[in-house]
Structures are given as structure tokens and as C-alpha cells.
Amino acid sequence: QVELVESGGGSVQVGGSLRLSCAASGGTFGNLGMGWFRQAPGKEREFVARINWTGGSTWYASPFEGRFLISRDNSKNTMFLQMFSLRPEDTAVYYCAATKRLTYGEAGRDYDYWGQGTQVIVSS
């Protein structure tokens, strides 16, 4: 059973940056496809970004392209989301997710394991 624990959330002012981490345990991290999702108050969960097993390929939802950066360190069983130029609308709970599937995309149903989430609050 894979367990995921997010960290790095907090409060930041508009224009600031944060780096979220997702530590994985209980599985072979290098075999997992990984992704970040978020859920803002009163809104549905949305896909942010995903990264393949090696970290060599990444995909972003359009609103985050060029502003967020997903990466992973397989030697540390950890995935990251570096967020720049944060806006109030980025306020949300951010979740990391993992999958053992060979093909996966932007749908939450593609992922088998989820963290508890970390809160990000962006204020002006």
C-alpha cells in the first residue's frame, strides 16, 4: 500500500512562491506515475500537473503552464510542485496522487493513491 504525505503548504502573499512536497512510502516510487490536483472552496477537484516514472516527461493543465513546475527525486521518494507568481485563485487544498497504471492522465480516477492534502492560501 502506497502512502503519500504532502507538505509545504501555507499562507503567502500574491506574487509569492511556494514549493509543495509529496513524500511516498510503501511502494517502489520509481514505478509510480505521479500527479498534483487541487480543490478550491466550493469547487470541484482539478488536475494541475503530472509527471512520469523517471521525471523525464511532464504535463500541465493550461492555467499552470509556465507558472508551476512539477518534478521528482526518486532517490528521496519525493515529488515536488514549485509554484510561482501565486494568485488568490490559487487558494486551495493541494493533493498529490500516484498510480501504478501504465497509462494515466488528468482524471482523478486514473490514480490509485492519494495524500491528505496541504492547504495553500494566497492573500493580497
Side-chain angles (χ1 to χ4, degrees):
Q1 183 75 6
V2 175
E3 295 188 358
L4 304 173
V5 178
E6 302 95 336
S7 61
S11 296
V12 64
Q13 291 190 326
V14 169
S17 300
L18 277 177
R19 188 176 83 154
L20 307 181
S21 299
C22 173
S25 61
T28 303
F29 187 70
N31 291 344
L32 298 173
M34 303 289 295
W36 285 100
F37 291 76
R38 73 181 191 182
Q39 187 165 19
K43 296 187 177 181
E44 293 186 353
R45 182 179 62 194
E46 66 175 331
F47 168 78
V48 175
R50 62 187 174 98
I51 189 167
N52 75 337
W53 304 271
T54 65
S57 295
T58 58
W59 298 263
Y60 297 87
S62 297
F64 313 111
E65 186 82 51
R67 202 162 60 88
F68 290 6
L69 181 66
I70 188 171
S71 62
R72 65 190 294 164
D73 185 343
N74 286 355
S75 70
K76 297 181 179 179
N77 291 353
T78 304
M79 176 181 65
F80 305 97
L81 185 69
Q82 178 70 58
M83 304 185 292
F84 302 97
S85 301
L86 286 164
R87 307 163 180 168
E89 54 265 37
D90 294 318
T91 294
V93 178
Y94 286 72
Y95 298 92
C96 69
T99 181
K100 293 181 178 180
R101 305 176 192 217
L102 294 179
T103 58
Y104 59 100
E106 302 181 359
R109 63 179 178 272
D110 290 345
Y111 297 81
D112 306 304
Y113 308 100
W114 294 83
Q116 294 298 308
T118 185
Q119 176 75 58
V120 172
I121 299 173
V122 184
S123 57
S124 56

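Owing to the predicted nature of the structure, the values given are computational and were not obtained by experimental measurement. Just so you know, residue 1 is the first one in the sequence shown, and it goes up from there.
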Taking side chain as C-beta onward, heavy atoms only, is [X] less than 4.5 Å from [Y]?
| X | Y | result |
| --- | --- | --- |
| K100 | V2 | yes |
| L81 | M79 | no |
| N52 | W59 | yes |
| S25 | N77 | no |
| R67 | Y60 | no |
| F80 | D73 | yes |

Once rounded to the nearest 0.5 Å, what's the spacing between atom [atom1] of [X] and atom [atom2] of [Y]?
| X | Y | atom1 | atom2 | value |
| --- | --- | --- | --- | --- |
| I70 | S57 | CD1 | OG | 11.5 Å |
| T58 | L69 | OG1 | CG | 7.5 Å |
| S7 | R19 | OG | CZ | 9.0 Å |

Worked check of side-chain contact (heavy atoms from CB on, under 4.5 Å) between R38 and D90: CA-CA 9 Å; R38 73 181 191 182; D90 294 318; 2.8 Å; yes
Closest heavy-atom contact between [X] and [Y]?
| X | Y | answer |
| --- | --- | --- |
| N74 | T54 | ND2-CA, 4.3 Å |
| L86 | L18 | CD1-N, 3.9 Å |
| E106 | F37 | O-CE2, 3.4 Å |
| L32 | A98 | CD1-CB, 4.1 Å |
| F84 | S17 | CD2-OG, 3.6 Å |

Do the numbers put R50 on top of the ring of Y104, so that NZ or CZ is under 6.0 Å from the six-membered ring centre and no more than 45° off the axis?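 The answer is yes; both the distance and angle limits are met.
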Between F68 and F64, how do the two ring planes meet: parallel, tilted or perpendicular, split at 30° and 60°?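 Correct class here is parallel.
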Does atom [atom1] ([X]) have a neighbourhood of more than 12 heavy atoms from anything else shown, all under 6.0 Å?
| X | atom1 | value |
| --- | --- | --- |
| Q13 | CD | no |
| E3 | CD | no |
| E89 | CD | yes |

Looking at [X] and [Y], would you say the former's side chain and the latter's main chain have a donor-acceptor pair under 3.5 Å?
| X | Y | answer |
| --- | --- | --- |
| E6 | T118 | no |
| Q119 | A92 | yes |
| T78 | A23 | no |
| D110 | G105 | yes |
| W53 | G30 | no |

Membership question, hydrophobic clusters at under 4.5 Å side-chain separation (ILVMFWY): are [Y] and [X] in the same one?
| X | Y | answer |
| --- | --- | --- |
| Y111 | L20 | no |
| F47 | V93 | yes |
| M34 | W36 | yes |
| V48 | I121 | no |

Any chance you could lay out the side-chain contact (heavy atoms from CB on, under 4.5 Å) test for F29 and K76, step after step, and finish with the verdict? CA-CA 9 Å; F29 187 70; K76 297 181 179 179; over 6 Å; no
